[in-house]
Amino acid sequence: MVVREKILDMVVSCFKRHGAKGLDTPAFELKDFDIAGQFDPMIPDAECLKIICEILSGLQLGDFLIKVNDRRIVDGMFAVCGVPESKFRTICSSMDKLDKMSWKDVRHEMVAKKGLAPEVADRIGSYVQCHGGISLIEQMFQDPRLSQSKQALMGLADLKLLFEYLTLFGIAEKISFDLSLARGLDYYTGVIYEAVLLQTPAQVGEQPLNVGSVAAGGRYDELVATFDPKGHKVPCVGLSIGVERIFYIVEQRLKTSAEKVRTTETQVFVATPQKNFLRERLKLIAELWDAGIKAEMLYKNNPKLLTQLHYCENTGIPLVVIIGEQEQKEGVIKLRSVASREEVAIKRENLVAEIQKRLSGS
């Protein structure tokens, strides 16, 4: 739960940083961010890619890459390669398998199972194995075959503009124009993108994780009209974060690293070395709670000091306040750092201020 909450908090706080309003649906609570309305080309699309970069960098999942393509480029490429229009979708679904299968296997499926002419498949093959940045976009503008498609040229012009904005956002090196990307093309109308984690060489004893896509999205300008009785067109671009997949990766990593995850956020533990100090501990902990400090104590009348200190070490609580006879006589409280085991005596009336100072410094 702790791991999940942290991931969701990071996703939602990133969405909010970009001006998102929550909708009363489980979707936003989890993972979707959409921008709807009439906007100038590629500005919201670039922001969606920036959001994916921020979230994946923030979650520290390792190196990632966002593949980008455009529905119009895919359709244009099929047309100029000689794919019959009736076969666009089925050939598209074969192409979509290129992240899991080799081109040889995909080509076989297109030709043997879906009846595509071998020379048409080979033409497609010369494109879908291309990926790169702005220079590949320029190259495709000059491509004698692809440049015959008006649709493809519109897609390329938009991608060129998109890369300009991505450079300004400082994320262009994380983005790859990839002609093989054909995700969910049924409803996408323009730019499409998909974020994948790059395989890092497995650490000793670690299972190499192959998780594929962790975020995806694109432009779907026609979709809203299909749900609207009046058929209003609402241009939309959006993204979806694959939180379940991300939970799985983070959980696997924690298992292999044997790293301890703190299951509480407690900042201060209230302890005593003596018997019959329950009432003093209760008064003290109430002061901390009322000051907004996350505090806890053992629910026992007379716990042993060692038991209390062990509890703090095991749960990762950083500070302990200790009250006993001596402290009560002198009007002080001992404040102990769990990590360094250093103790200082602090006047009771200054305790809250001192704890807050230490917590804000940490």
Side-chain angles (χ1 to χ4, degrees), residues 45 65-160 162-163 175-196 198-199 210-213 215-223 226 237 240 242:
D45 310 63
L65 184 70
I66 304 176
K67 302 175 186 179
V68 174
N69 201 357
D70 193 292
R71 162 77 182 263
R72 295 162 297 176
I73 297 173
V74 177
D75 285 353
M77 171 185 75
F78 283 168
V80 299
C81 288
V83 179
E85 204 164 319
S86 59
K87 285 200 157 99
F88 272 22
R89 288 299 144 256
T90 179
I91 294 303
C92 212
S93 71
S94 296
M95 195 166 113
D96 203 15
K97 297 175 184 169
L98 277 167
D99 54 346
K100 298 179 191 71
M101 282 160 61
S102 69
W103 164 246
K104 192 172 153 236
D105 293 340
V106 169
R107 181 189 182 279
H108 175 75
E109 183 179 296
M110 286 177 173
V111 175
K113 295 189 184 157
K114 300 191 171 174
L116 196 66
E119 65 277 11
V120 173
D122 291 336
R123 278 178 216 138
I124 293 172
S126 67
Y127 289 112
V128 296
Q129 295 175 79
C130 297
H131 43 85
I134 197 101
S135 58
L136 179 62
I137 297 173
E138 302 284 6
Q139 195 186 316
M140 288 299 148
F141 268 121
Q142 308 305 319
D143 183 86
R145 199 180 279 130
L146 198 59
S147 57
Q148 290 167 21
S149 161
K150 220 188 219 154
Q151 247 190 327
L153 287 175
M154 282 161 65
L156 287 166
D158 270 354
L159 283 192
K160 189 178 172 191
L162 178 68
F163 265 88
I175 318 289
S176 166
F177 169 37
D178 190 320
L179 281 139
S180 72
L181 182 65
R183 248 317 112 87
L185 275 178
D186 309 359
Y187 54 85
Y188 287 125
T189 53
V191 173
I192 46 170
Y193 35 84
E194 175 178 278
V196 289
L198 299 177
Q199 279 297 295
N210 187 17
V211 290
S213 160
R219 180 160 283 284
Y220 52 101
D221 287 351
E222 318 287 337
L223 195 63
T226 61
V237 62
S240 188

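For the residue pair Tyr127 and Leu146, the shortest heavy atom distance occurs at OH-N, 3.5 Å. Residues Val120 and Val83 share a closest heavy-atom pair of CG1-CG2, 3.7 Å. The two residues Gly76 and Ala152 come nearest to each other via the heavy atoms CA-CB, 4.2 Å. In plain terms, the two heavy atoms of Leu116 and Pro84 that are nearest each other are CD1-CD, 4.2 Å. What you find for Ile66 and Tyr193 is that their closest heavy atoms are CG2-CB, 3.9 Å. Closest non-hydrogen pair, Ser94 versus Lys114, comes out as OG-NZ, 2.9 Å.
Test Leu179, Asp143, Asp178 against Cys130 for side-chain contact (heavy atoms from CB on, under 4.5 Å) and you get one pass: Leu179.
Atom CE of Met140 sits about 10.0 Å away from atom CD1 of Ile137, to the nearest 0.5 Å. Note that CE of Met110 and CD1 of Ile124 are 4.5 Å apart. Values are rounded to the nearest 0.5 Å. Taking CG of Asp221 as the reference point, atom OH of Tyr188 lies at 12.0 Å (rounded to 0.5 Å). Separation of atoms CD1 (Ile134) and CZ (Phe163) is listed at 6.5 Å; rounding is to 0.5 Å. To the nearest 0.5 angstrom, Leu65 atom CG is 10.0 Å from Glu194 atom CD. Summarising the geometry, atom CZ belonging to Phe177 is positioned 13.5 Å from atom NZ belonging to Lys67; distances are rounded to the nearest 0.5 Å.
Applying the side chain to side chain donor-acceptor pair (under 3.5 Å) criterion to Ser126, with sequence neighbours excluded, gives no partner residue.
No side-chain donor-acceptor contact under 3.5 Å links Ser180 and Lys97.
Between Met77 and Arg145, the closest side-chain pair of non-hydrogen atoms is not below 4.5 Å. Within the 4.5 Å cutoff, the side chain of Val68 has heavy atoms near those of the Leu162 side chain. Between Gln151 and Arg71, every side-chain heavy-atom pair lies at or beyond the 4.5 Å cut-off.
At a threshold of 4.0 Å, the pair Arg89-Asp75 counts as salt-bridged, since one of the basic side-chain nitrogens sits closer than that to a carboxylate oxygen. In summary, Arg72 and Asp70 engage in a salt bridge, as defined by a charged side-chain N under 4.0 Å from a carboxylate O.
In terms of modelled atom types and a separation under 3.5 Å, the side chain of Asn69 and the main chain of Ile192 share no donor-acceptor contact. Ser93 places a side-chain N or O within donor-acceptor distance of the main-chain N or O of Thr90, the cut-off being under 3.5 Å. Using modelled atom types, one side-chain atom of Arg123 and one backbone atom of Cys81 make a donor-acceptor pair closer than 3.5 Å. Proximity of a side-chain donor or acceptor of Ser240 to a complementary backbone N or O of Ala216 within less than 3.5 Å is not detected.
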Practice task
With side chain to side chain contact (heavy atoms under 4.5 Å, CB included) as the test, would you mind laying out the steps for Leu98 and Val128 before giving the verdict?
Solution key: CA-CA 9 Å; Leu98 277 167; Val128 296; 3.8 Å; yes
Exercise for the section: Would you sort out whether Arg107 and Asp122 count as a salt bridge (charged side-chain N to carboxylate O under 4.0 Å, His left out), showing the intermediate values? Expected result: CA-CA 8 Å; Arg107 181 189 182 279; Asp122 291 336; 2.6 Å; yes
Handout entry: Derivation of the salt bridge (charged side-chain N to carboxylate O under 4.0 Å, His left out) call for Asp105 and Lys100
Key = CA-CA 10 Å; Asp105 293 340; Lys100 298 179 191 71; over 6 Å; no
Exercise for the section: Run the numbers on Leu181 and Val74 for side chain to side chain contact (heavy atoms under 4.5 Å, CB included), then give the verdict. Expected result: CA-CA 8 Å; Leu181 182 65; Val74 177; over 6 Å; no
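Residue pairs that meet the ring pair (Phe, Tyr, Trp, His ring centres under 6.0 Å) test with at least one member in residues 88-117, sequence neighbours left out, are Phe78-Phe88.
Heavy-atom neighbours of Lys150 NZ from other residues, nucleotides or ligands within 6.0 Å: at or below the threshold of 12. A 6.0 Å sphere centred on CD of Glu119 holds more than 12 heavy atoms belonging to other residues, nucleotides or ligands.
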